[in-house]
Each structure stands twice: as C-alpha cells, then as structure tokens.
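Inspection log for the structure reproduced underneath, given as structure tokens.
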Amino acid sequence: MNDIILLYDDCCIYEIVILTYFLKYTKSEMLFCSVNGPTIRASEGYSINCDISIDEIDCSTTRSFIVPGGDISHIDQKNVLDTIKNLNNQKAIIAGICAGVDILDKAGILKGISSTHSSDFDCIRDGNIITARPNAYVDFAIEAGKSLELFEDEEDLQETIEFWKNHKRIP
C-alpha cells in the first residue's frame with residue numbers, strides 16, 4: 001500500500017519532513033505526487049522530483065494521502081478535490097497540516113468531524129482524518145505514524161515522543 005505525499009509549488013516541506021522521515025525509516029511505500037509537473041519548488045527553495053501525478057493515483061492501493069500547507073491555490077483543482085473524496089470513501093488515512101487542512105475542507109471531508117477547523121486542538125485525528133496547525137508538525141508526524149502503525153510497540157512510540165517532541169537524548 002502506498003503513502004502518497006502531495007507536493008506543489010510553494011508547499012511547506014518543514015511541516016512534513018518528520019513524517020516523511022518516519023515513512024522512509026519504516027520502509028513504507030512512499031510516493032511524492034504533483035499536480036504541477038514532475039518537479040516542484042517548495043517554499044523553502046528546494047526543488048523536488050515527484051514520482052507520480054495526481055491523475056496516476058490508484059485509490060485502491062493508497063494507504064495514506066498527506067497534504068502539507070503552503071500556497072494551496074496551486075492545488076485547488078477538481079482532480080485534487082475528487083482524489084481526496086475518493087480516498088476518504090476508501091477510508092485511507094488523509095492528513096492535512098496548515099493550509100493543507102483548507103483543501104481537505106474544500107473537498108468536503110471535514111463535515112461532521114472534529115478537526116483544527118472545528119476545534120481548538122493543534123493536532124487531532126477523527127476516524128481516518130488527521131488535521132494539524134503548522135506549529136504542530138511534530139504532533140502531526142507522531143499522530144500519522146500511530147495511525148499508520150509505524151511504531152513497533154508502545155516503547156518505540158514513547159521513545160519517539162521523547163526524542164522528537166521532548167528533545168531528550170536517546171541512549
């Protein structure tokens with residue numbers, strides 16, 4: 001099953017870098033997806049080569065779909081919104097952070113659930129949907145990691161929290 005990260009010009013890589021590290025470290029089938037062509041330029045200035053286009057996504061083999069924040073005018077398109085709706089119908093994990101949450105809302109999948117649009121939480125999961133504010137990028141990565149069962153056990157999860165969130169050295 002694929003974990004797809006939607007990248008687009010002026011997206012914020014820092015919001016998803018820990019989550020992508022977790023995915024890579026656990027040997028997940030991670031694919032970078034674009035609507036802008038094979039290469040995007042992130043808000044931090046990085047050029048990133050994408051693996052697939054939004055139109056090549058196979059919803060039946062998609063485990064998760066991650067949408068970082070940034071200038072979402074680049075992804076405010078029917079094919080993106082339809083893909084999000086279809087993945088939600090398949091019960092894939094859908095995670096948005098910062099302005100990425102706005103695209104999830106625009107796709108209509110936040111209706112009737114708790115999200116950062118309807119609550120004061122910095123990061124919240126309701127069913128298969130995870131939403132986070134930009135300052136909650138560590139919580140976002142941990143919550144997505146839990147949802148995707150990336151941690152070996154509770155000890156691994158707690159060690160990850162201690163290191164990434166509480167900034168404690170791990171022996």
Side-chain angles (χ1 to χ4, degrees), residues 1-13 15-42 48-119 123-134 136-137 139-151:
M1 296 292 280
N2 296 318
D3 297 299
I4 299 176
I5 296 91
L6 179 62
L7 299 179
Y8 52 95
D9 289 330
D10 300 315
C11 68
C12 295
I13 297 303
E15 296 172 342
I16 60 167
V17 74
I18 297 171
L19 175 54
T20 58
Y21 173 78
F22 290 170
L23 290 167
K24 182 73 174 167
Y25 184 78
T26 58
K27 297 179 178 31
S28 297
E29 297 293 325
M30 181 174 52
L31 295 171
F32 292 112
C33 172
S34 173
V35 296
N36 308 75
T39 303
I40 65 97
R41 182 170 295 276
I48 302 172
N49 295 320
C50 294
D51 303 302
I52 61 172
S53 75
I54 190 80
D55 298 322
E56 295 175 297
I57 292 175
D58 179 353
C59 292
S60 69
T61 62
T62 301
R63 176 173 76 155
S64 69
F65 189 74
I66 290 68
V67 185
D71 182 356
I72 60 169
S73 68
H74 297 289
I75 58 170
D76 189 0
Q77 300 175 17
K78 184 180 182 330
N79 58 347
V80 172
L81 301 175
D82 287 346
T83 298
I84 292 169
K85 289 177 198 173
N86 290 338
L87 288 167
N88 188 49
N89 290 338
Q90 296 284 335
K91 296 299 181 201
I93 299 294
I94 301 173
I97 185 167
C98 189
V101 177
D102 296 339
I103 286 295
L104 304 187
D105 200 8
K106 199 155 191 172
I109 67 167
L110 300 184
K111 290 181 176 80
I113 69 164
S114 294
S115 71
T116 54
H117 279 190
S118 64
S119 72
C123 182
I124 186 169
R125 177 182 179 196
D126 190 333
N128 62 307
I129 311 293
I130 301 165
T131 58
R133 299 182 197 288
Y137 57 92
D139 293 322
F140 179 72
I142 291 169
E143 191 59 42
K146 288 182 347 189
S147 299
L148 295 167
E149 300 178 353
L150 300 182
F151 304 107

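No experiment lies behind these values; they were computed from the predicted model shown. For the single chain, residues carry numbers from 1 onward in sequence order.
Residues forming a side-chain hydrogen bond (donor to acceptor under 3.5 Å, both in side chains) with Ser114 (at least two apart in sequence, or on another chain): none. Not counting sequence neighbours, the partners of Tyr137 by the ring-ring contact (aromatic ring centres under 6.0 Å, His included) test are Tyr14. Every residue two or more places apart in sequence or in another chain was checked for a ring-ring contact (aromatic ring centres under 6.0 Å, His included) with Phe32, and none qualifies. Scanning for side-chain hydrogen bond (donor to acceptor under 3.5 Å, both in side chains) contacts around Arg133 gives an empty result, with sequence neighbours left out.
Thr131 places a side-chain N or O within donor-acceptor distance of the main-chain N or O of Thr116, the cut-off being under 3.5 Å. Proximity of a side-chain donor or acceptor of Thr61 to a complementary backbone N or O of Asn2 within less than 3.5 Å is not detected. Side chain of Ser119 to backbone of Ser115: a donor-acceptor contact under 3.5 angstrom is found.
In this structure, Ser28 and Leu148 have side chains that are not in contact, with every pair of non-hydrogen atoms separated by 4.5 Å or more. The side-chain heavy atoms of Ile48 and Ile13, taken from C-beta on, include a pair separated by under 4.5 Å. At least one side-chain heavy atom of Ile4 sits under 4.5 Å from a side-chain heavy atom of Ile52. Contact annotation: the side chain of Ile16 approaches that of Leu7 to within less than 4.5 Å [non-hydrogen atoms, C-beta and beyond]. Using a 4.5 Å cut-off on side-chain heavy atoms (C-beta onward), Tyr8 and Val80 make no contact. Contact annotation: the side chain of Leu6 never approaches that of Ile103 to less than 4.5 Å [non-hydrogen atoms, C-beta and beyond].
Counted within 6.0 Å of CD on Gln77, heavy atoms from surrounding residues, nucleotides or ligands total more than 12; the atom is thus considered enclosed. Within 6.0 Å of CD in Glu56 there are more than 12 heavy atoms belonging to other residues, nucleotides or ligands.
A distance of 10.0 Å separates OG in Ser34 from CG in Asn49, rounded to the nearest 0.5 Å. Rounded to the nearest 0.5 Å, atoms CG (Leu104) and CD1 (Ile109) are 4.5 Å apart. Note that SG of Cys11 is 12.5 Å distant from CD1 of Ile72, once rounded to the nearest 0.5 Å. The CG atom of Leu150 sits 12.5 Å away from the NZ atom of Lys27 when rounded to the nearest 0.5 Å. Remark: Cys12 SG to Ile97 CD1 distance equals 9.0 Å, nearest 0.5 Å. Between the CD1 atom of Ile54 and the CD1 atom of Ile75 there is a distance of 8.5 Å, given to the nearest 0.5 Å.
Minimum heavy-atom separation, Val101 to Gly96: CG2-O, 3.2 Å. The two residues Phe140 and Glu15 come nearest to each other via the heavy atoms CD2-O, 4.0 Å. The minimum heavy-atom distance linking Ser64 with Asp3 is given by the pair OG-OD1, 2.6 Å. Scanning all heavy atoms of the two residues, the minimum distance from Thr62 to Ala92 falls at O-CB, 3.7 Å. Contact detail for Gly69 and Cys98: the closest heavy-atom pair is CA-CB, 3.9 Å. Heavy atoms only, all atoms of each residue included: Phe22 and Ile142 are closest at CE1-N, 4.1 Å.
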Notebook entry, point to check: Would Asp55 and Ser53 satisfy side-chain hydrogen bond (donor to acceptor under 3.5 Å, both in side chains), going step by step from the backbone distance to the final call?
Noted result: CA-CA 5 Å; Asp55 298 322; Ser53 75; 4.8 Å; no
Check: Ile93 and Arg125: side-chain contact (heavy atoms from CB on, under 4.5 Å), yes or no, with the steps?
Finding: CA-CA 10 Å; Ile93 299 294; Arg125 177 182 179 196; 3.9 Å; yes
Margin query: Apply side-chain contact (heavy atoms from CB on, under 4.5 Å) to residues Cys50 and Ile40 and explain how you reach the verdict.
Written below: CA-CA 8 Å; Cys50 294; Ile40 65 97; 4.2 Å; yes
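No salt bridge links Arg41 with Asp9; every basic N to acidic carboxylate O contact stays at or beyond 4.0 Å.
Under the salt bridge (Lys or Arg N to Asp or Glu O under 4.0 Å) criterion, the residue pairs touching residues 99-117 are Asp76-Lys106, with sequence neighbours excluded. Within the structure, every pair that satisfies the side chain to side chain donor-acceptor pair (under 3.5 Å) test and touches residues 83-94, not counting sequence neighbours, is listed here: Asn88-Asn128.
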